[in-house]
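Each remark here refers to the structure printed beneath this line.
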Amino acid sequence: MEQKNWLLFTVALLAAIPVSSENFEVISPQNVLGVVGLDTVLPCSVSSTKPLYDIEVQWKKITDGRIEDVYVWRNRVNKPGQKYVGRTELLKDGLASGNVSLTLKNVLPADEGTYSCIVNSKDWSADTTTMLSIAGTSEVFFEVLGPQGQGIELACRSHGWFPKPTVEWVVRNKQMLSPDTEIHQDSKELFSVLSRVTITGQEAEEVTCQIQNNMAQAEKTTVYLSSAAFPRTSAWIHAFWILLTLTFLISAVSALLLFRAKQRTSKKKKVVEETFENQESEKMTSNADYDLLQTRYDTINRELEFRRARSYMVPITLDVARKHPELTLSPDKRTVHHEPSDQGSIIKCQLPIVVGREGFALGRHYWEVQVWDGLDWEVGVLTETVRDTLIGESWEELPKHGVWSLRREKGKFWPEEANNVMHQNTAPLAAVGLDLDLEQNTLSFYNAGVSGRILEVSIEPSMKLYPFLKPGLGKVGEKGKPLSINHNTGWDYPQKMQHNMVRGNLT
């Protein structure tokens with residue numbers, strides 16, 4: 001009897017032990033490379049000789065000893081981790097065949113780390129790990145900034161790199177140049193690059209700017225310098241040389257006119273009364289010529305100043321997590337418009353603004369916003385502190401501190417200095433250029449269509465700033481007019497300006 005009871009106990013104990021792990025295996029590659037901004041699949045599969053019934057899938061991220069929930073599939077219900085809502089997806093059709101790979105959408109540098117794929121059933125449990133490395137590259141944009149000493153200053157810029165890249169300037173004979181390079185990291189951990197170099201005519205005709213890191217393929221751009229033209233630089237260089245030639249010519253003619261004016265004023269008054277009126281008429285004509293030359297000279301300087309500011313252009317995208325609920329963003333996150341609810345405003349008194357994803361603490365940065373003439377709008381920058389308190393606050397207006405902006409309201413521009421400038425200039429305002437110089441602690445606004453500066457304001461140093469847009473409000477059932485961030489970095493001199501400067505003469 002005792003032997004029978006022992007046999008029953010042994011059978012019960014064996015029944016309680018999970019199925020041996022020899023019947024299944026969870027497999028994933030050791031390393032996976034993800035690209036910034038794209039979707040990445042973290043492969044994981046279950047190889048089993050037994051049917052897969054009612055399995056549970058967990059994905060976790062392990063960073064510096066900390067474990068973070070990424071995704072759970074349990075009882076036919078998926079539950080993403082708090083930081084991964086809307087960014088994870090399991091291939092539902094693959095569960096039956098053992099494919100439990102996870103799609104991670106729009107990967108960012110912060111996603112880099114070790115991921116654990118855990119598969120459970122009532123009889124067994126197993127896991128495996130995969131190291132996700134992140135790489136980011138971006139197109140390299142080239143600019144000719146103009147003359148610098150005895151040479152020409154060139155620049156290349158790019159944004160969206162990870163890990164931190166390196167920059168090399170090489171001429172045709174493989175000689176390395178020594179550039180002045182600035183590399184900054186934004187709030188998304190992406191690196192932006194601005195590199196300048198001055199090349200003289202004694203160096204090679206072919207100059208290449210190459211940006212690369214140890215994770216991604218190099219991106220480069222090449223400029224060909226010749227005596228005839230600059231065929232692979234931005235088209236404005238042709239106008240630049242015309243303007244430069246005019247500058248030298250204007251300077252020479254201005255000096256000559258001033259010299260003659262001094263000669264006339266130094267002569268003793270020995271002329272008779274009959275010729276006095278003719279002399280005065282001649283002086284008026286000379287002064288008019290000089291004023292015309294000075295105006296054209298100022299125009300050229302204004303053009304060159306604007307072009308230099310624009311060489312710092314960076315890509316700006318809008319943050320879907322930091323916008324008013326009634327604002328709608330385009331798929332590329334560059335355009336915003338107001339689309340009011342049929343039931344009225346969702347959040348009363350909350351500001352209908354959207355903040356950019358990119359923040360800046362160092363360097364110089366330029367971007368452009370396409371606006372609508374005659375409608376209310378506001379563009380500018382705000383501090384990180386203001387940005388973080390926008391959601392949930394009930395402000396009818398932006399705070400006075402920590403915000404610097406240009407706005408149009410009921411036909412007038414604010415600050416008042418901008419209103420005076422805009423009403424003196426009849427040129428329409430179709431695009432606002434914003435030049436944020438954190439070295440000089442200034443923010444300048446330009447009428448990009450005519451390359452003219454509207455306003456420069458001083459900003460407080462030592463704080464991170466974010467772009468923001470505030471479009472005009474639409475009526476219920478109607479969309480408001482959009483504000484769009486211009487991403488056309490090849491945008492060139494206005495055709496009207498080119499036409500006038502080429503046809504202008506000094507007579």
Original post:
Are side-chain N/O atoms of Glu358 and Thr317 paired as donor and acceptor at under 3.5 Å?
Top reply: yes
**OP:** Ignoring hydrogens and angles, tell me if any N or O in the side chain of Asn420 forms a donor-acceptor pair with the backbone of Glu417 under 3.5 Å.
**Re:** no
**OP:** Give the C-alpha distance, both sets of side-chain angles, the deciding distance and a yes or no for side chain to side chain contact (heavy atoms under 4.5 Å, CB included) between Asp111 and Tyr84.
**Re:** CA-CA 10 Å; Asp111 293 325; Tyr84 298 89; 4.0 Å; yes
Original post:
Side chains of Leu318 and Lys323: closer than 4.5 Å at any heavy-atom pair?
Top reply: no
**OP:** Kindly give the heavy-atom pair with the smallest separation between Asn213 and Phe162, and that separation in Å.
**Re:** ND2-O, 3.0 Å
Subject >> salt bridge (charged side-chain N to carboxylate O under 4.0 Å, His left out) contacts in which one or both residues fall within residues 398-407, not counting sequence neighbours >> reply: Arg407-Glu409
**OP:** Of all the heavy-atom pairs spanning Pro471 and Lys481, show the shortest one and how long it is.
**Re:** CB-O, 4.0 Å
Subject >> Approximate separation, where rounding is to 0.5 Å, of Asn419 CG and Trp414 CH2 >> reply: 7.0 Å
**OP:** Determine, for Glu384 against Arg387, whether the closest basic-nitrogen to carboxylate-oxygen distance falls under 4.0 angstrom.
**Re:** yes
Subject >> Any donor-acceptor N/O pair, Asp319 side chain to Arg357 backbone, under 3.5 Å >> reply: no
Original post:
When rounded to the nearest 0.5 angstrom, what distance separates CD1 in Ile353 from CH2 in Trp377?
Top reply: 15.0 Å
Original post:
According to the interplanar angle, ranging from 0 to 90°, do the rings of His365 and Phe360 count as parallel (below 30°), tilted (30 to 60°) or perpendicular (above 60°)?
Top reply: parallel
Subject >> NZ (Lys105) with more than 12 external heavy atoms under 6.0 Å >> reply: yes
Original post:
When rounded to the nearest 0.5 angstrom, what distance separates CD1 in Ile183 from CD1 in Ile211?
Top reply: 8.0 Å
Subject >> Where Leu469 and Ile485 come nearest, the two heavy atoms and their spacing >> reply: CD2-CG1, 4.3 Å
Original post:
Hey, what do you get for CG (Asn447) to CD1 (Ile454), rounding to the nearest 0.5 Å?
Top reply: 5.0 Å
Subject >> Stepwise side chain to side chain contact (heavy atoms under 4.5 Å, CB included) test for Asp437 and Tyr366 >> reply: CA-CA 8 Å; Asp437 190 341; Tyr366 176 91; over 6 Å; no
Subject >> Arg310 with Glu368: basic N within carboxylate O range, under 4.0 Å >> reply: yes
**OP:** Any chance you could measure Leu154, atom CG, to Thr198, atom OG1, to the nearest 0.5 Å?
**Re:** 7.5 Å
Subject >> Side chain to side chain, Leu382 and Leu465, heavy atoms closer than 4.5 Å >> reply: no
Subject >> Gln82 and Glu68, any side-chain heavy atoms less than 4.5 Å apart >> reply: no
Original post:
Could you walk me through whether Thr88 and Trp59 pass the side chain to side chain donor-acceptor pair (under 3.5 Å) check?
Top reply: CA-CA 10 Å; Thr88 53; Trp59 279 91; over 6 Å; no
Original post:
Are any of the side-chain heavy atoms of Val386 and Phe468 separated by less than 4.5 Å?
Top reply: no
**OP:** Would you check if the side chain of Asp39 reaches a backbone N or O of Asn106 as a donor-acceptor pair within less than 3.5 Å?
**Re:** yes
Original post:
Under the 3.5 angstrom rule, does the side chain of Ser484 hit a backbone N or O of Thr335 as a donor-acceptor pair?
Top reply: no
Original post:
What is the distance from atom CG of Leu443 to atom CG of Leu434, rounded to the nearest 0.5 Å?
Top reply: 5.5 Å
**OP:** State, with a plain yes or no, whether a side-chain heavy atom of Thr114 is found less than 4.5 Å away from one of Met131.
**Re:** yes
Original post:
Does Cys44 offer a backbone N or O that forms a donor-acceptor pair with the side chain of Ser101 under 3.5 Å?
Top reply: yes
**OP:** Without swapping roles, check the side chain of Arg87 against the backbone of Leu104 for a donor-acceptor pair under 3.5 Å.
**Re:** no
**OP:** Apply the test side chain to side chain contact (heavy atoms under 4.5 Å, CB included) to residues Leu436 and Arg364: give CA-CA distance (whole Å), side-chain angles for both, the deciding distance (0.1 Å), then the verdict.
**Re:** CA-CA 6 Å; Leu436 177 62; Arg364 187 173 178 181; over 6 Å; no
Original post:
Got a donor-acceptor contact below 3.5 angstrom from the Lys333 side chain to the Gly356 backbone?
Top reply: no
Original post:
Closest approach of Asn214 and Pro163, non-hydrogen atoms and distance?
Top reply: OD1-CG, 3.7 Å
Subject >> Any donor-acceptor N/O pair, Asp435 side chain to Ser444 backbone, under 3.5 Å >> reply: no
Subject >> Heavy-atom check, side chain of Thr166 versus side chain of Gln212, under 4.5 Å >> reply: yes
Original post:
Between Pro315 and Arg334, which heavy-atom pair has the shortest distance, and what is it?
Top reply: CB-NH2, 4.1 Å
Original post:
Does Arg157 use its side chain to pair, donor to acceptor, with the backbone of Val314 at less than 3.5 Å?
Top reply: no
**OP:** Please check if the side chain of Trp169 supplies one atom and the backbone of Val207 the other of a donor-acceptor pair under 3.5 Å.
**Re:** no
Original post:
How close do Pro179 and Ser195 get, heavy atom to heavy atom, and via which atoms?
Top reply: CB-OG, 3.4 Å
Original post:
Would Ile134 and Leu108 count as a side chain to side chain contact (heavy atoms under 4.5 Å, CB included) if you check the C-alpha gap in whole Å, the side-chain angles of each, and the deciding distance to 0.1 Å?
Top reply: CA-CA 7 Å; Ile134 303 297; Leu108 299 169; over 6 Å; no
